Amino acid sequence: QLQLVESGGGKVQPGGSLRLSCEVSGASLADYSIAWFRQAPWADREGVSCISSSGSSTNYAHSIQGRFTISRDVAENTVWLQMNSLEPEDTAAYYCAAVHPATTGRGCMGAMAPKETEYDFWGQGTQVTVSS
């Protein structure tokens with residue numbers, strides 16, 4: 001069973017940076033599309049970024065484009081989300097999620113931010129708070 005564990009959250013001042021990690025176990029990262037989502041209090045879960053199973057394609061939400069970067073290391077089975085120029089509006093619980101494109105036909109495709117309904121495996125989340 002695929003498992004995902006997020007880490008790296010915390011409190012940071014506006015303009016600061018954080019790097020979130022998503023450690024994957026139970027299968028190879030090379031077989032899964034991985035996405036980051038976030039959910040602020042009293043808000044719906046929002047797709048932030050995703051990376052395809054090949055690693056060759058990435059997508060970002062308009063709200064974070066140019067500030068966040070997704071990357072991965074297949075050998076370490078880890079995906080990162082580098083977040084720069086953080087704003088109070090980025091405060092949320094951040095989750096990573098996975099889907100197996102070969103069997104589902106779903107994944108990080110096209111030019112759209114990830115959709116919650118397309119991902120099957122989820123981590124427990126890590127909290128990011130941006131405040132002075």
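Predicted model, so just to flag it, every value in this text is computed and none were measured.
Listed by first and then second residue, the salt bridge (Lys or Arg N to Asp or Glu O under 4.0 Å) pairs that reach into residues 6-35 come to none, sequence neighbours excluded.
Interatomic distance, Y119 OH to L4 CG, rounded to the nearest 0.5 Å: 11.5 Å. Taken to the nearest 0.5 Å, the SG atom of C96 stands 9.0 Å off from the CG atom of L20. Here the straight-line distance linking atom CD1 of I70 with atom CG of N59 works out to 9.5 Å at 0.5 Å rounding. Atom OG1 of T69 is separated from atom CG of N84 by 6.5 Å, given to the nearest 0.5 angstrom. With rounding to the nearest 0.5 Å, the separation of SG in C108 from CD1 in I34 is 10.0 Å. Atom CG of residue L81 and atom CZ of residue R72 lie 15.0 Å apart, to the nearest 0.5 angstrom.
Under the 4.5 Å side-chain heavy-atom criterion for ILVMFWY residues, no single connected hydrophobic cluster contains both L86 and Y95.
With Y94 as reference, R38 is the one residue of Q127, R38, Q39 to meet the side-chain hydrogen bond (donor to acceptor under 3.5 Å, both in side chains) rule.
Remark: side-chain polar atoms of T78 are paired, donor with acceptor, to backbone N or O of E76 under 3.5 angstrom. With S52 contributing its side chain and S57 its backbone, the two residues share a donor-acceptor pair below 3.5 Å. Proximity of a side-chain donor or acceptor of S53 to a complementary backbone N or O of S33 within less than 3.5 Å is not detected. Here the side chain of N77 pairs a donor or acceptor atom with the backbone of L29 at under 3.5 angstrom. In this structure, the side chain of R106 does not engage the main chain of A102 through any donor-acceptor pair within 3.5 Å.
Side-chain contact between Y32 and F121 is present, with heavy atoms from C-beta onward closer than 4.5 Å. Side-chain contact check for V99 versus E118: every heavy-atom pair is 4.5 Å or farther apart. Proximity of W36 to C22: side-chain heavy atoms (C-beta onward) are separated by under 4.5 Å at one or more points.
Minimum heavy-atom separation, A30 to V74: CB-CG1, 4.2 Å. Across every non-hydrogen atom of L18 and G8, the tightest pair is CD2-O, 3.8 Å. In terms of heavy-atom proximity, S85 sits nearest to S17 at N-OG, 4.3 Å. Of all heavy-atom pairs between P14 and S132, the closest is CD-N, 3.7 Å.
Residues F37 and W122 bring their aromatic ring centres within 6.0 Å.
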Go through the steps to decide whether Q82 and F68 satisfy the test side-chain contact (heavy atoms from CB on, under 4.5 Å), and finish with yes or no.
CA-CA 5 Å; Q82 177 67 43; F68 291 10; over 6 Å; no
side-chain contact (heavy atoms from CB on, under 4.5 Å) assessment of I64 paired with D90
CA-CA 9 Å; I64 56 87; D90 297 315; 4.1 Å; yes
Evaluate side-chain hydrogen bond (donor to acceptor under 3.5 Å, both in side chains) for S131 paired with T129, printing each intermediate quantity in order.
CA-CA 6 Å; S131 173; T129 302; over 6 Å; no
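In this structure S28 satisfies the side-chain hydrogen bond (donor to acceptor under 3.5 Å, both in side chains) test with no other residue, sequence neighbours excluded.
For Q65, the CD atom sits in a packed shell: over 12 heavy atoms of surrounding residues, nucleotides or ligands are nearer than 6.0 Å.
Side chains of S63 and E46: a donor-acceptor N/O pair is present below 3.5 angstrom, by distance only.
The hydrophobic side chain of W80 is isolated, with no ILVMFWY side chain under 4.5 Å apart from it.
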